[in-house]
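Here is the structure we will look at, set down as C-alpha cells.
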Amino acid sequence: QDKTYVIGVSVPTADHGWTGGVDFFAQQAVDRLTKAYPNLSFVLATAPDSTKQAADLEDMIATRNIDGLVILPGDPDAMTASIKKVKDAGKWVTVVDRALSQPGIEDLYVAGDNPGLGTTTADYFKSALPNGGNIVVLRGAPIPIDAQRVDAFMAGIKDTQIKVLDTQFANWNRDDGYKIMQDFLTKYPKIDAVWAQDDDTLVGVLKALKEAGRENEMWAVGGAGMNQIIKMVASGSAQVPVDVSYNPNMVATAIDLTALHFAANAQVDGKLIINSTLITKDNAAQFDYPNTPF
Amino acid sequence: MTTAVKESAPSAKSRRLQMNVLGPLIALLLLLILGSLLNGNFLTYGNMANIVARASFIGIIAIGATFVITSGGLDLSVGSMAAFIAGMMIIIINSAVPSLGTGWTVVALGIIAGLAIGALAGAANGLLVTAGRIEPFIVTLGSLGIFRALITFLANGGTLNLNFQAADTYSPLYSGNVFGIPAPIIVFAVVAIIAEVVMRRTTFGRHLSAIGSNEQVARYSAIKVDRVRLMTYVLQGFLVGMAAVLYVPKFGSANSSTAVLWELQAIAAVIIGGTMLRGGFGRIWGTVVGVIILELIGNILNLQSFISPYLNQAFQGAIIIVAVLLQRSRRTTN
Amino acid sequence: MTTAVKESAPSAKSRRLQMNVLGPLIALLLLLILGSLLNGNFLTYGNMANIVARASFIGIIAIGATFVITSGGLDLSVGSMAAFIAGMMIIIINSAVPSLGTGWTVVALGIIAGLAIGALAGAANGLLVTAGRIEPFIVTLGSLGIFRALITFLANGGTLNLNFQAADTYSPLYSGNVFGIPAPIIVFAVVAIIAEVVMRRTTFGRHLSAIGSNEQVARYSAIKVDRVRLMTYVLQGFLVGMAAVLYVPKFGSANSSTAVLWELQAIAAVIIGGTMLRGGFGRIWGTVVGVIILELIGNILNLQSFISPYLNQAFQGAIIIVAVLLQRSRRTTN
Amino acid sequence: MSMGNGASAPPILAAERISKSFGEVPVLFSIDFDVRAGEVHAIIGENGAGKSTLMKILSGFEQPTSGTITFDGKPVTLPPNGEAEGMGIVLIHQEFNLAEHLTVTESIFLGRELKRFGLLDVRLMRAQTQTLLDTLHVPVDPTARIATLSVAERQMIEIAKAISRDARVLIMDEPTAVLSVAETETLFEQINRLTERGVAIVFISHKLDEVMQLSDRVTILRDGQLIASLDASALTPDSAAQMMVGRELSNLYPPKHEPDVDAPLVLSVQNLQSAGVRGVSFKLRRGEILGFAGLIGSGRTAVAETMVGLIHRDAGELELNGQKVHFANVAQSLAAGIVYMTKDRKGKGLMVNMGLRPNLTLPTLDRHLNGMFIDSASEAKALERATRRFDIRARDASVRAGQLSGGNQQKLMLGKTMESEPDIIIMDEPTRGIDVGTKQQIYHIVAALAAEGKSIILISSELQEVIGLSHRVMVMRNGQIVGELEGTAINEEQIVRHQMGIEGKAAA
Ligand SMILES: Nc1ncnc2c1ncn2[C@@H]1O[C@H](COP(=O)(O)OP(=O)(O)OP(=O)(O)O)[C@@H](O)[C@H]1O
Ligand SMILES: Nc1ncnc2c1ncn2[C@@H]1O[C@H](COP(=O)(O)OP(=O)(O)OP(=O)(O)O)[C@@H](O)[C@H]1O
Ligand SMILES: [Mg+2]
Ligand SMILES: [Mg+2]
C-alpha cells in the first residue's frame with residue numbers, strides 16, 4: 001500500500017445542466033476519495049471542447065505522471081485517438097458515458113445508455129398514449145448522443161398512432177426550451193405531450209406552458225433526473241408524470257471503481273452499463289439527491 | 001449658387017438618409033410579411049407579445065451596447081456578466097430570506113443588488129479601458145472569462161435556484177401584465193425611450209458620438225473623454241443588471257449556460273440597427289428594431305416546417321447579412 | 001530646433017518601441033518562470049513540444065487573422081469555417097477511398113480540397129465585405145452561423161468520421177516527427193516565417209497597413225484597396241484550410257462542436273501580440289507569441305491542483321488582460 | 001522667378017470648358033486652364049472658389065461633369081485615385097494624404113515601393129528618403145511614424161513625396177499654408193530646379209506675395225467662374241486681391257491702437273516646461289495681441305497646448321489675473337476663459353464627417369441646454385450667428401464639415417473657438433489657408449476683440465500677419481523664448497534674425 005498512484009479525471013466544462021452535474025459529482029468523488037485513500041491523488045481537469053480535452057490528456061501524461069485516467073469524452077469520436085495514446089502509454093483508462101469510435105481501447109467502460117434513454121421514453125409514450133396523439137420533440141444539441149437518443153425514441157414509436165408534429169434543437173438549455181415551446185404552442189392548437197429529453201429544457205417548456213395557460217392540455221417528459229424534476233414526479237404531478245434517469249453521478253461511480261482498482265487492485269475492468277430507467281412516483285425517492293446543485 | 005444649393009441638397013441628403021433609416025425597417029417588414037405567409041397565428045397579439053418579451057433581455061443589453069459602440073468601445077462580457085449578476089442576485093436573495101422573509105423587501109434587495117453589481121462590473125471594465133488603456137476587446141474578452149468562471153464557481157458547476165417562495169413573489173415582474181402588456185415589454189420600452197432621448201438630446205449622447213468619431217477632436221473640445229468612456233461602460237453594466245433583474249424571475253435559476261453568447265446577439269442587433277461599429281454614429285431605435293429582427297428570425301424558423309432544424313443557424317446568418325445589406329447604400333456614402 | 005526634435009523624438013520613440021516589443025515577450029517569460037516553479041516537468045522538451053504543437057491550429061489561423069485585422073478587417077467565422085472544411089475533407093476522402101484506395105493520393109486529394117475550400121470560403125467573406133460593403137463583423141458573424149449549420153447538416157446532427165485506413169495513412173502528418181520536431185510545429189513555423197516576410201517585406205504587407213491606417217490615403221495612392229482586402233480574406237480562408245488539414249489527422253472526425261470559439265482565441269492572440277484591432281499596424285511574430293501565451297496558460301493551469309477547475313476561465317481572462325497591460329505604455333501614445 | 005521659357009512651349013495639360021457639380025451643386029462653370037512645360041502657373045481665388053476641385057479634376061481624383069481634359073494635346077480621361085501619376089501628373093492635396101501609422105519612408109514610397117528579387121528593398125528606400133529629406137532640409141528620421149510629426153513636418157513630407165515622383169506636371173494645393181519662411185524658401189528652390197528641368201508647376205496659395213514672386217502666369221477664380229488668366233507681371237498683389245474678391249480691398253491690417261501700458265496683466269507664465277517646451281516665461285496684458293513667431297517645431301504649439309492642459313506640464317507657473325492656476329484638461333481652461341484654437345484642423349479641430357452644428361457647439365453644448373436637453377433651435381441660431389460673423393460659405397447648413405472648402409473649415413473652427421466667448425484666445429495659425437478677403441475680416445475681428453478688452457496670443461508662421469497685428473512679439477527657438485520685440489523692433493528682419501538664432505539669447 002506504500003506505492004502512491006495519480007488518477008487523472010477529465011470531464012467536459014459545465015456548459016449545461018447535465019455536464020454541470022458531472023463536474024459536481026466528479027469534484028465530490030475526488031475530494032471524498034483523496035481523503036479515503038492516502039495513497040491516491042487526483043488530477044481534475046474540465047474542458048470546453050475536444051482540443052482542450054486532448055491537451056489536458058497530453059499534460060497529464062507529460063507533467064502529472066498519471067497512472068490512470070477517468071474520462072467523460074465531450075466528443076468521443078474526436079477523443080478516441082488521444083485516449084488511445086494514453087492507453088498506449090500504458091495507463092489504465094476508464095471511459096464514462098460515451099462510446100469511443102474504436103472498441104477495446106478502454107479497460108473499464110462505465111456506459112451511459114443513450115439509446116436506452118430514447119427507448120425507455122418511447123415505451124412510456126406508447127403506454128401513456130395507447131391510441132396515439134400529437135407530440136412535439138425538443139432535441140438537445142446536434143451531437144451524436146442526441147442523435148442516438150432521438151433515433152431510439154423515433155424507432156420506439158415507429159408503428160404507433162403517435163405523431164411527431166415538430167422537432168427543434170433546444171441545446172439542453174432553459175431559455176431555448178422556453179422559446180421553442182412558446183412557438184410550438186403558437187404553431188399547434190392541439191398538442192398532447194412534449195418530449196424535452198432533458199430536465200433543463202423541461203423547465204423552460206413548463207414555464208412556457210404555464211404562461212400560455214395550457215399546462216393542463218398536455219404533459220411533458222424530460223430526462224436526466226434533476227432533483228427539481230424528481231420532486232415534481234414524486235409529488236405525482238400530472239404535468240410531469242415521469243422522468244428518465246440519466247444521472248451525471250455515473251462519473252462518480254467510474255471514479256470509485258477506478259480508485260478501487262488502484263487502491264485495492266480489485267477486478268473492475270469490463271463494461272458497466274448504467275441503465276436509463278423510468279422514474280415514476282413510486283421509485284422517485286431513490287433517485288432524489290436533495291443536496292446537490294444538479 | 002447658394003440658392004441652387006438650397007434646393008438640391010435636401011434631395012441628395014434625404015436619399016442617403018432614406019436607405020439608412022429604412023434599411024432596418026424594410027428588413028423588419030419583409031420578415032413580418034414572410035412570417036404571416038408562413039403561419040396564420042404569426043401576427044396574433046400573443047405571438048407578437050412573446051417575441052417582444054423575449055427580445056427584452058438582449059434588447060436592454062443591446063441598448064447599453066449602442067452607447068458603448070457609438071463611443072468607439074466594445075463590450076464582449078455582457079453575456080457572462082448577466083449570468084454572474086443573476087447568480088449573485090439569487091445567492092443574495094436566498095441568504096436574505098431567513099432574516100427578511102420572502103416578501104417584496106427581499107426581492108427589492110435582490111433587484112438593487114443586481115443593478116449595483118452590474119454598474120460596478122461595468123465600472124471595472126471601463127476603468128481597465130480608460131485608466132488601463134487596454135483595447136476594449138481584450139478587457140471584455142478577459143472579463144467575459146472571469147464572469148463566466150465566477151458563475152460556474154458560485155453554482156458549484158450546477159444550477160443556482162431561487163428560494164421558491166421568493167420566486168413566487170418575484171415572478172410577476174416577468175410574467176405579469178399591465179393592461180395586457182407583459183411586464184418585460186414595458187420595462188424594455190421605457191428603457192428604450194429614455195435611452196433614445198439620452199442619445200439624441202443630451203450632452204452625454206453628443207459627446208459619445210464626438211469621441212467615437214474623433215477622440216482627439218473631442219479632447220481638444222473640452223470633453224472629458226475618459227470619464228465619458230467610463231460612463232458608457234457603467235451604463236452598459238447597469239443595463240445588463242436590469243436584464244438580469246428581468247431574467248431571474250423567469251426561471252428563478254442561473255447556471256453556467258445562462259446567457260451564453262448574448263454578447264454576439266447584442267452587437268449584431270446594434271449593427272443591424274444602423275449603428276456604426278467604428279463608432280461616431282449610433283441610434284437606439286435602430287437597435288430595438290435590430291433585436292426584434294433577430295427574435296423574429298428565430299420565431300419564424302420555429303413556425304415553419306420545411307427547413308431542416310440543422311440549417312437554422314445558416315438562415316439566421318444569411319438574414320443578418322441581408323438585413324445589413326439593405327443599408328449598404330448608406331455605408332457606401334461614408 | 002533640429003536638436004530639440006532630434007533629442008526628444010528618438011528617445012521617446014525607442015522607449016515606446018521597447019514596451020511595445022517587449023510586452024508580449026515579458027508576459028511569455030513570466031509564464032515560463034511560473035510554469036517551471038509549479039512543476040519540474042514543465043520545461044521538458046516533451047511538454048514544450050506539446051504546447052507548441054497544440055498552438056499550431058489556432059496559430060496558423062491567427063496568422064491569417066493578423067493580415068485581416070491589420071488591414072482593418074475582422075473574421076469571426078474562422079472557427080466554424082475550420083469545422084466545415086474538416087467535415088468536407090472527411091466526406092471527400094471517404095467518398096474517394098473506394099476509387100483511389102487509402103493511400104497518400106486520397107489524402108493528398110483531401111488536403112488540396114481542404115485548402116481550396118478554405119480559399120473559396122474566404123473569398124465569399126471577402127466579396128461580401130468589399131463588393132457588398134457590409135461591416136466585416138456582420139458578414140463573418142453571418143458566415144459563422146452558415147458554416148456551423150453546414151457542418152451540422154453534413155454530419156446529419158452527428159459526427160463525420162474519417163475512414164480508418166485513410167486515417168492511418170494521414171495521421172503521421174500530425175503525430176509524425178522530423179528530426180524529433182513534431183510535424184505541426186514545422187508547418188506552423190514555416191507558415192509563420194513566410195507570413196512575417198510577406199508582412200514586412202512585400203508590397204502586399206505594406207498596403208495592408210496603409211489600408212488599415214487610412215483607407216482614403218491608400219486609395220489615393222493608387223492602391224487597389226478592395227482587391228487587397230479581398231486577398232486578406234482569401235488568405236485567411238486558405239490558412240484556416242491549412243489548420244483543418246492538421247486538425248483532421250489529429251482528431252479524425254468533425255461535428256458541430258468542432259473548433260467552437262476558435263475565432264475569439266485567434267483574435268485574442270493577435271491583439272496580445274501587439275497588432276492593433278483598429279488596423280494599421282500588425283506583426284506576425286507577436287501573434288505567434290500570443291498564441292503560445294494562450295496555450296501556456298492552459299498548460300500551467302493543468303500543472304497545479306489548488307485552483308478549482310471552475311475558475312480556469314477566470315485566470316485565462318485575467319492573464320490575457322495582464323499580458324496586454326504590459327504593452328500599455330505603447331497604447332497610451334496612440 | 002523661373003525662366004520665361006515656359007511661355008513659348010505648348011501646354012502639357014489643359015482643361016477646356018470644364019464644369020463640375022457635386023450632386024446638383026455646381027462648383028465650377030466651364031473653366032479653361034492650361035499649364036506649359038517649365039512654367040509656374042498660379043491659381044488664386046477665394047475660399048470655395050473651386051481651386052482644389054479644379055486641381056482634383058486635372059489630376060483625375062474627380063471627374064468633370066462636362067468639358068474635356070487634354071494631355072500633350074490629346075483629349076484624355078484621367079485615371080482615378082492618383083493613377084494619373086503614371087502619366088506624370090502629381091498632386092499635393094490641400095488636406096494631407098498621409099497614413100498615421102506608416103513611417104516617413106513608407107509614406108513616401110506608398111503605392112510605388114522599390115523591390116529587389118520581388119521583395120521590398122527597405123534599405124534603398126530609406127536611403128533615398130534620407131537624401132530627399134536632406135535636400136529639403138527636413139530634420140526628421142525616415143523611420144519616424146507620421147503620427148509623431150508636427151503639421152509642418154507633415155507638409156514637408158508631402159512635398160518630398162511629390163518631388164520624388166518624376167512629375168511632368170506638379171500641382172501643389174496650398175503647400176505653403178503651414179510653412180514658415182525657411183521651409184517656403186527651400187520649397188521655392190526646388191520648384192525653380194524643377195521648372196528648369198521643364199516640369200510644369202501649378203501652384204495654389206493665398207499668400208499673394210509668394211504668388212507674385214514665384215509664378216509666370218496667374219489664373220483667378222471666383223465662385224467657380226474663371227475671372228482672368230494673365231501674366232504675373234501684369235498683376236500686383238493688390239490688383240490680384242481685388243480680382244479675387246471682386247471688390248476694392250481696403251488696407252489688409254486694421255490700424256494698431258496703441259496698447260495701453262498700464263492695462264492689467266491677465267496672464268503671466270513663468271518657466272513653463274513640458275515636452276517641446278524648455279522654460280518659457282511671458283506676460284500678457286488685457287487688450288493685448290501677443291505674437292508668437294518661430295520656426296517649425298520651435299515649440300509654439302507646445303507652449304499653447306501645455307498652457308491649456310493638453311500636454312502634461314513638467315514645471316512652471318501659470319497666473320491668471322493674479323491667481324495661480326493649473327489646468328488638467330481643456331474643460332478647466334475653457335471654464336477659466338482661456339481657449340486654444342489648434343492648427344490641426346482635420347486631426348484635432350473638426351469632426352469632418354459630422355454636420356456644422358455639432359462641430360460648432362461641441363465645446364459649449366451646456367450653453368444650449370434647455371433643462372437637461374439640447375435645444376437645437378438655439379444651436380441653429382448659434383450657427384447662423386457664426387456663419388454671418390465669420391462668413392462661412394456652405395451650400396446649406398446640412399453639409400458635413402469635411403465637405404467645406406479648406407478655408408471655410410478654418411472659419412468654422414474659428415467660430416467654434418469664439419463660441420465660448422473667452423477672455424484669452426490662443427490662435428495657432430488662424431488664417432491658415434484663408435483667402436485675403438476673409439483674412440482681412442479675421443484680422444479686423446481679432447483687432448476688435450482686443451479693442452473690447454480680450455487678450456490674444458497669435459501663433460503664426462506668417463511674419464506679415466505677426467507684424468501687422470501684434471503689439472508685442474515673442475520669438476521662439478528650440479522650445480525657448482529667444483527674443484521679445486516691441487514697437488518699431490517688430491519687423492521682418494529682427495524676427496528672422498532671432499528665429500535663426502543669429503541674435504538674442506543664444507539657444508542651447
Ligand atoms: N466632396 C464635396 N462634396 C460637396 N461639395 C464639395 C465637395 N468638395 C468641395 N465642395 C464644394 O465645392 C466648392 C469649391 O471647393 P474647393 O475646395 O474647390 O474650394 P477652394 O477654392 O479649394 O477653397 P479653399 O481656398 O478654401 O481651399 C465649395 O463650395 C465646396 O463646399
Ligand atoms: N505632445 C508632445 N509630445 C512630445 N513632443 C512634442 C509634443 N508637442 C510638440 N512636441 C515637439 O515639440 C517641438 C515643438 O513642436 P510645436 O508643434 O510646438 O512647434 P511649433 O512652434 O508649433 O511649430 P509647428 O509650426 O511645427 O507647430 C517639436 O519637436 C514637436 O515634435
Ligand atoms: Mg482648396
Ligand atoms: Mg506644432
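Per chain, numbering begins at 1; letters A, B, ... match sequence-line order.
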TODO: Just jot down the salt bridge (charged side-chain N to carboxylate O under 4.0 Å, His left out) partners of D:Arg367, sequence neighbours excluded, or say none.
DONE: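 Only D:Glu421 meet the salt bridge (charged side-chain N to carboxylate O under 4.0 Å, His left out) criterion with D:Arg367.
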Task: Proximal to chain D - members of residues 202-213 of chain B, heavy-atom separation under 4.5 Å - done: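 Expected list: B:Thr202, B:Thr203, B:Arg206, B:His207, B:Ser209, B:Ala210, B:Ser213.
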Open item on the list: Please determine whether the number of non-hydrogen atoms from other residues, nucleotides or ligands lying under 6.0 Å from atom CZ of B:Arg200 exceeds 12.
Closed with: no
Task: Within 6.0 angstrom of D:Arg357 CZ, more than 12 heavy atoms from elsewhere - done: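 Atom CZ in D:Arg357 is crowded, with more than 12 foreign heavy atoms closer than 6.0 Å.
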Task: Taking every non-hydrogen atom, the tightest pair across B:Lys224 and D:Asn329 - done: CE-ND2, 3.5 Å
Open item on the list: Counting C-beta onward and ignoring hydrogens, is there a side-chain heavy-atom pair between B:Val217 and D:Leu350 closer than 4.5 Å?
Closed with: no
Task: Check: B:Phe281 and D:Met354 side chains under 4.5 Å, non-hydrogen atoms - done: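 Contact flag for D:Met354/B:Phe281 side chains = no.
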- [ ] Output the option from D:Thr417, D:Ile374, D:Asp375 having the highest count of non-hydrogen pairs under 4.5 Å with chain B.
- [x] D:Ile374
Task: Engaged part of D:Thr361 at the chain B interface, taking heavy atoms whose separation is under 4.5 Å - done: side chain
- [ ] Go through the atoms of D:Glu379 and report whether side chain, backbone, both or neither lie under 4.5 Å from a heavy atom of chain B.
- [x]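 Side chain of D:Glu379 only, per the 4.5 Å heavy-atom cut-off to chain B.
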TODO: Determine the sole option in D:Leu362, D:Thr342, D:Val308, D:Asp344 for which the side-chain contact (heavy atoms from CB on, under 4.5 Å) test with B:Tyr220 is passed.
DONE: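 When side-chain contact (heavy atoms from CB on, under 4.5 Å) is applied between B:Tyr220 and each of D:Leu362, D:Thr342, D:Val308, D:Asp344, only D:Thr342 qualifies.
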Task: Atom pair NZ (D:Lys348) and CG (B:Asn214), whose distance is rounded to the nearest 0.5 Å - done: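 Going from NZ on D:Lys348 over to CG on B:Asn214, the span is 10.5 Å.
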Task: Worked verdict on D:Lys416 versus B:Ser221 for side-chain hydrogen bond (donor to acceptor under 3.5 Å, both in side chains) - done: CA-CA 9 Å; D:Lys416 172 184 173 183; B:Ser221 305; 2.8 Å; yes
Task: Side chain, backbone, both or neither of B:Val197 within contact of chain D (heavy atoms, under 4.5 Å) - done: side chain
